[in-house]
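Below: the structure, in structure tokens.
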Amino acid sequence: MAVLEILTIPDERLKRVSQPVEVFDDELRAFIDDLEETRLDGPAAVGIAAPQVGREQRILIMDVSNTRKPVPNHGYLVLINPEITHWDGYEMGREGCLSVPDYTGNVIRATHIKVKAQDPHGQPLEYEMEGYEARALQHEMDHLDGMLFIDRVVSRRTDLFRRKVYQKGGKG
Amino acid sequence: MAEWKMLTLVGEDRSGIVARLTDALFRGGWNLGEASMIRLGGNFTIMMMISGSGDVQPVVEPVAQEMGLHLHIDEISGGLHQHLVPNVQVRVTGADRAGIVAQVTGVLAESGFNILELESDVAGSASKPVYIMNIQGYADTTLEAIEAALNELGDIDVSVSSIETLIG
Ligand SMILES: [Zn+2]
């Protein structure tokens with residue numbers, strides 16, 4: 001196990017689109033252990049995505065079971081090749097990022113999500129998520145598409161209603 | 001270490017204020033730090049941290065004159081990277097009446113709530129104005145304690161919620 005180096009802005013690699021995982025082997029699983037160790041090493045991050053440590057593959061880890069106020073959650077999750085199959089609702093919430101030190105901002109995210117993914121052995125997974133957990137998933141999935149939350153920050157004065165179209169459109 | 005100044009400019013809103021001001025600062029060799037710029041009641045207000053060397057007055061004064069802005073310059077201590085992350089949000093809605101802000105913020109101050117950001121506006125109509133305020137801040141006390149204290153105020157709607165900043 002090892003703590004990996006986290007890329008921070010303005011590193012161009014954070015803007016690249018990650019590739020699907022095709023081989024589910026011990027090397028992959030060892031990397032996932034390192035990725036988790038990296039997540040736990042820094043400030044209290046609820047998620048981390050492989051491209052944040054320079055591995056451009058569609059792998060993410062999330063765990064929102066430790067919030068100050070408990071939220072609906074599925075515990076510790078490793079999602080490989082995740083795909084959102086359904087989303088609904090939208091709300092604003094504050095986000096920060098391991099790759100964007102010393103900055104937080106408001107981002108609009110879908111409130112209800114259905115996601116399909118694979119586990120570290122390639123087996124299919126399916127979850128329904130809401131609220132904070134759905135937000136974490138969308139934040140991490142953005143990393144897989146070369147997007148950062150700072151690309152989506154809005155003012156709190158932003159009219160949520162007018163943003164609906166944008167949100168329904170998925171990744172912008 | 002950079003020495004920071006705070007520029008404050010206020011004047012009737014017109015197009016090009018930000019562009020003219022920041023262009024003058026850039027040409028004068030000044031760097032921008034954190035800034036807040038917003039239109040309030042037809043005025044444009046700017047508060048902006050800048051750093052650089054020399055006297056900034058001659059750089060900014062011509063722009064202020066040209067754009068009809070009041071200019072104020074302060075030397076400030078402190079600098080960048082001193083953000084406090086809010087953990088509590090307070091929303092207030094009530095009939096627009098004198099003292100609503102003073103009462104709410106007074107209660108918050110007593111509860112040990114440190115205001116980091118406050119936005120307020122008057123909605124409704126001229127005959128039936130409604131005051132809306134959104135406050136984000138930091139408090140070590142519980143949400144319930146803050147809410148209970150605010151509920152004593154009576155005829156206003158108050159909601160207190162936690163802000164869980166997602167780091168990922
Ligand atoms: Zn992130």
Side-chain angles (χ1 to χ4, degrees), chain A residues 6 35 38-49 51-52 60-64 66-71 73 77 91-107 109 131-144 147-149 152 155-159, chain B residues 2 13 18 32-41 44-47 49 78-93 115-123 131-147 159-168:
Chain A
I6 292 175
L35 190 62
T38 307
R39 177 180 78 87
L40 296 175
D41 185 60
V46 296
I48 190 168
Q52 286 180 281
L60 64 85
I61 296 175
M62 48 187 278
D63 184 353
V64 301
N66 276 314
T67 51
R68 210 155 32 110
K69 229 181 169 183
V71 295
N73 71 86
L77 296 176
E91 70 183 358
M92 198 180 288
R94 201 168 188 104
E95 297 184 20
C97 181
L98 294 171
S99 298
V100 185
D102 196 39
Y103 181 77
T104 60
N106 290 299
V107 182
R109 302 283 190 190
Y132 195 73
E133 190 176 44
R135 172 173 298 273
L137 175 77
Q138 291 165 82
H139 179 113
E140 300 313 329
M141 282 192 63
D142 266 355
H143 281 300
L144 306 183
M147 288 276 291
L148 295 171
F149 83 99
R152 297 191 187 276
S155 157
R156 268 188 306 110
R157 288 184 183 253
T158 301
D159 183 338
Chain B
D13 192 18
V18 179
L32 308 189
E34 296 170 23
S36 157
M37 308 187 195
I38 195 158
R39 189 182 145 105
L40 297 174
F44 198 70
T45 69
I46 298 174
M47 296 205 73
M49 286 169 63
L80 302 178
H81 311 296
Q82 301 187 2
H83 296 123
L84 287 175
V85 178
N87 66 351
V88 179
Q89 170 158 293
V90 178
R91 294 193 189 86
V92 179
T93 311
I115 295 176
L116 298 173
E117 223 180 293
L118 184 154
E119 283 173 354
S120 69
D121 211 331
V122 181
Y131 204 88
I132 298 175
M133 182 159 55
N134 193 343
I135 304 173
Q136 300 206 338
Y138 186 85
D140 284 322
T141 36
T142 64
L143 297 182
E144 290 73 18
I146 296 170
E147 198 155 41
S159 86
V160 180
S161 51
S162 70
I163 303 173
E164 190 86 50
T165 299
L166 184 151
I167 308 292

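Nothing here was measured: the structure is a model prediction, and the numbers come from that model. Just so it is clear, the values below take in all heavy atoms, side chains as well, and ignore hydrogens, waters and symmetry mates. Chain identifiers are assigned alphabetically (A, B, ...) following the order of the sequence lines, protein sequences preceding nucleic acid strands; residue numbering begins at 1 within each chain.
We find the OG-CG distance between B:Ser159 and B:Asn134 to be 8.5 Å, quoted to the nearest 0.5 Å. The line from CG of B:Leu116 to OH of B:Tyr138 is 10.0 Å long, rounded to the nearest 0.5 Å.
Contact annotation for A:Thr67: both backbone and side-chain heavy atoms come within less than 4.5 Å of a heavy atom of chain B. If you measure heavy-atom distances from A:Glu140 to chain B, the contacts under 4.5 Å come from the side chain alone. Heavy-atom distances place both the backbone and the side chain of A:Ala136 under 4.5 Å from chain B. For a residue to count as touching a neighbouring chain, one of its non-hydrogen atoms must lie under 4.5 Å from one of that chain's; by this rule A:Tyr132 touches chain B with backbone and side chain alike.
For B:Met47, the side-chain contact (heavy atoms from CB on, under 4.5 Å) criterion is met by B:Met6, B:Thr8, not counting sequence neighbours.
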Which donor-acceptor pairs under 3.5 Å do the side chains of residues 160-168 of chain B make with protein atoms, sequence neighbours left out?
residue  : atom : partner : partner atom : Å
B:Glu164 : OE1  : A:Arg68 : N            : 3.3

